[in-house]
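In what follows, a single structure is set out as structure tokens and then discussed.
These numbers were taken from a predicted model, which means no experiment stands behind them.
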Amino acid sequence: YRTFKKINEKTSLLGMGCMRLPVDSNDTVKEEETIRIIRDAIDGGVNYVDTAFMYHNGQSEKILGKALKDGYREKILLADKMPIWFAKDEDGMRTIFEKQMTRLDTDCIDMYLIHNVDRGVWKRVQKLNLLPYLEELKAAGRIRHIGFSFHDSYDFFLEVLDAYDWDFCQIQYNYMDEHTQAGTEGLKYAAAKGLPVIIMEPLRGGRLVNALPKAAKAIFASAEPHRSPAEWGLRWIWNHPEVTVVLSGMNDIAQVEENVRIASDATANALTEKDLEIFEKVKKSINQHMKVPCTGCGYCMPCPHGVDIPTCFAAYNTRYTDSFYSGMKAYIMCTTLKTNPTNASKCRQCGKCEKHCPQSIAIRQELKQVAKKMENPVYKVVRAISKRIGKY
């Protein structure tokens, strides 16, 4: 546990993120399984649970509200976020908040954030007078602490941080993102101001575990002491004393048990020079293979033309980090063979997706590359055969 100095709260090093809950083939959250996972994490000592209005199209907030029944609500700090870009005016902003309270079935949200702050969102925050509204909610006891989650440049992070007397902030941070977005310098600056810092995307949506190049996996596998890629990644973040909580999107009990175990003995400044050299080798290997720095967060979705953008990028990256076969198999099975295909060539270059991408990816250009590389002669043959089988 580490202490939220500014607000005098003790929090677990490990937080439960509710953006990547277990789902069925129709993207419906598996309710009973999710409730077990959340409660198991809390029973294991996790006392910080994070959700958002848009996660799983609203299912996340609803199911979390159910999971926090039977005394579990009192055991945790509950975090939720205001997606100001969904509000047309101040009334719309208030409607969103009331809907969140109803979904969560609570009378108070402990940690309330302005979601996904970048330059465009920040202008909207000011236009709709969001901060005075949050202060109103805080005075009424409906929220306890005001913060923001951030996806933009380091310079703009400093601007936002200095613009208001925040209670805490949330940034993307992992061993591949030391010098992107807020980065290490932003982490240190926020901590120097006395702000607790919450970390999201510690493993880039699982990409730093499931989509590592074979060479990177081999580097971790041969390192001493023996640790899984997930453990190496989490310990790298917890090695920084400025970090308060690391959110992990755990979606099965095994992940909860592993992460609770790691967090139970993780300490700051514990990694050796030899350990840090391992990360440098792994980063070099990843950079040589990764094509698109997508974390799979889904903020770009839904695409008005039916492209499953995160899935297209995941398969494209897999082609280069794992093998041509693995990438093509993932692409064909997860986009083309759906009842309603979601492949990259359906992109009509409207640009809506790029307005919401936390990583500032040139999505339209990258989708062109995906279509060019993945929808190749092999793809066309498999698609034709699949159509015939489907008709039969």
Side-chain angles (χ1 to χ4, degrees), residues 14-15 17-23 55 116 149 151 170-183 199-221 227-238 246-252 254-255 258-259 262 278-301 308-324 326-331 333-335 344 353 356-363 366-367 369-370 373-374:
L14 176 65
C18 297
M19 186 172 80
R20 294 183 171 90
L21 302 173
V23 296
Y55 292 173
N116 193 24
S149 65
H151 290 291
Q170 182 169 310
I171 64 172
Q172 175 172 317
Y173 195 57
N174 53 67
Y175 65 79
M176 291 298 295
D177 289 317
E178 280 189 274
H179 307 295
T180 57
Q181 299 192 28
I199 302 301
M200 57 184 159
E201 302 288 0
L203 300 172
R204 279 193 173 182
R207 302 289 299 165
L208 298 182
V209 177
N210 302 316
L212 287 175
K214 291 180 179 178
K217 292 178 182 178
I219 293 168
F220 278 141
R227 296 166 177 156
S228 69
E231 180 166 356
W232 276 106
L234 292 173
R235 286 188 183 276
W236 184 91
I237 301 170
W238 285 323
V246 173
L247 298 174
S248 176
M250 300 172 282
N251 53 33
D252 65 44
Q255 289 177 7
E258 179 184 16
N259 290 358
I262 300 165
I278 290 169
F279 285 105
E280 291 305 312
K281 293 177 182 178
V282 168
K283 286 192 286 185
K284 183 177 180 180
S285 174
I286 293 173
N287 286 329
Q288 288 174 340
H289 292 84
M290 190 72 70
K291 292 296 181 180
V292 185
C294 173
T295 68
C297 69
Y299 287 12
C300 56
M301 298 291 283
D308 187 340
I309 299 168
T311 296
C312 286
F313 287 159
Y316 183 49
N317 280 330
T318 298
R319 168 179 169 161
Y320 293 95
T321 60
D322 191 349
S323 69
F324 174 84
S326 296
M328 291 304 300
K329 179 182 177 183
Y331 188 75
M333 291 184 67
C334 298
T335 67
C353 52
H356 303 296
C357 178
Q359 315 305 322
S360 300
I361 297 169
I363 296 176
E366 295 294 355
L367 285 175
Q369 289 299 311
V370 174
K373 297 292 185 180
M374 305 300 282

Are the side chains of Tyr299 and Cys357 in contact, using a 4.5 Å heavy-atom criterion? no
Any side-chain heavy-atom pair of Glu178 and Phe279 under 4.5 Å: no
If we only count heavy atoms from C-beta on, is the Tyr55 to Leu21 side-chain gap below 4.5 Å? no
Taking the side chain as C-beta and beyond, is there a heavy-atom pair between Leu14 and Trp238 under 4.5 Å? yes
Crowding at NZ, Lys373 (>12 non-hydrogen neighbours, <6.0 Å): no
Flag, side chain of Asn317 to backbone of Val292, donor-acceptor distance under 3.5 Å: yes
Check the side chains of Ser248 and Gln255 for a donor-acceptor pair under 3.5 angstrom, ignoring hydrogens and angles. no
Minimum side-chain heavy-atom gap Gln359-Gln172 below 4.5 Å: yes
Supply the atom-to-atom distance Ile363 CD1 to Ile309 CD1, rounded to the nearest 0.5 angstrom. 5.0 Å
With sequence neighbours excluded, what pairs up with Phe313 under the ring-ring contact (aromatic ring centres under 6.0 Å, His included) test? none
Give, for atom NZ of Lys329 and atom CZ of Phe324, the distance between the pair rounded to the nearest 0.5 Å. 14.0 Å
Aromatic rings Phe220 and Tyr175: how do their planes relate, parallel, tilted or perpendicular, breaks at 30° and 60°? perpendicular
More than 12 heavy atoms of other residues, nucleotides or ligands under 6.0 Å from NZ of Lys283: yes or no? yes
If I compare all heavy atoms of Gly298 with all of Pro310, which pair ends up nearest, and what's the gap? CA-CG, 4.2 Å
With rounding to the nearest 0.5 angstrom, report the CD to SG distance, Gln369 to Cys312. 13.5 Å
Is any side-chain heavy atom of Leu247 less than 4.5 Å from a side-chain heavy atom of Gln170? yes
Do you know the tightest heavy-atom contact between Ser149 and Asn116? OG-N, 2.7 Å
Report the distance from atom CD of Glu231 to atom CD1 of Ile262, rounding to the nearest 0.5 Å. 4.0 Å
The side-chain contact (heavy atoms from CB on, under 4.5 Å) partners of Ala216 (sequence neighbours excluded) come to Leu212, Pro213, Val282, Ser285, Ile286
Could you tell me if Lys291 sits above the aromatic ring of Tyr320, with its cationic atom closer than 6.0 Å to the ring centre and no more than 45 degrees from the axis? yes
Tell me which donor-acceptor pairs under 3.5 Å the side chains of residues 199-206 have, and how far apart each pair is, sequence neighbours excluded?
{"residue": "Glu201", "atom": "OE1", "partner": "Gly205", "partner atom": "N", "Å": "2.9"}
{"residue": "Glu201", "atom": "OE2", "partner": "Thr295", "partner atom": "OG1", "Å": "3.3"}
{"residue": "Arg204", "atom": "NE", "partner": "Asp177", "partner atom": "OD2", "Å": "3.3"}
{"residue": "Arg204", "atom": "NH2", "partner": "Asp177", "partner atom": "OD1", "Å": "2.9"}

Do you know the tightest heavy-atom contact between Met250 and Gly15? CE-O, 4.1 Å
Apply side-chain contact (heavy atoms from CB on, under 4.5 Å) to Tyr331 and Val370, showing your working. CA-CA 10 Å; Tyr331 188 75; Val370 174; 3.8 Å; yes
Report yes if some heavy atom in the side chain of Pro293 is under 4.5 Å from a heavy atom in the side chain of Ile361; otherwise report no. yes
Locate the shortest heavy-atom distance separating Arg207 from Cys294; write the atom from each residue and the value. CG-O, 3.8 Å
Report the distance from atom OG of Ser228 to atom CG of Asn259, rounding to the nearest 0.5 Å. 8.0 Å
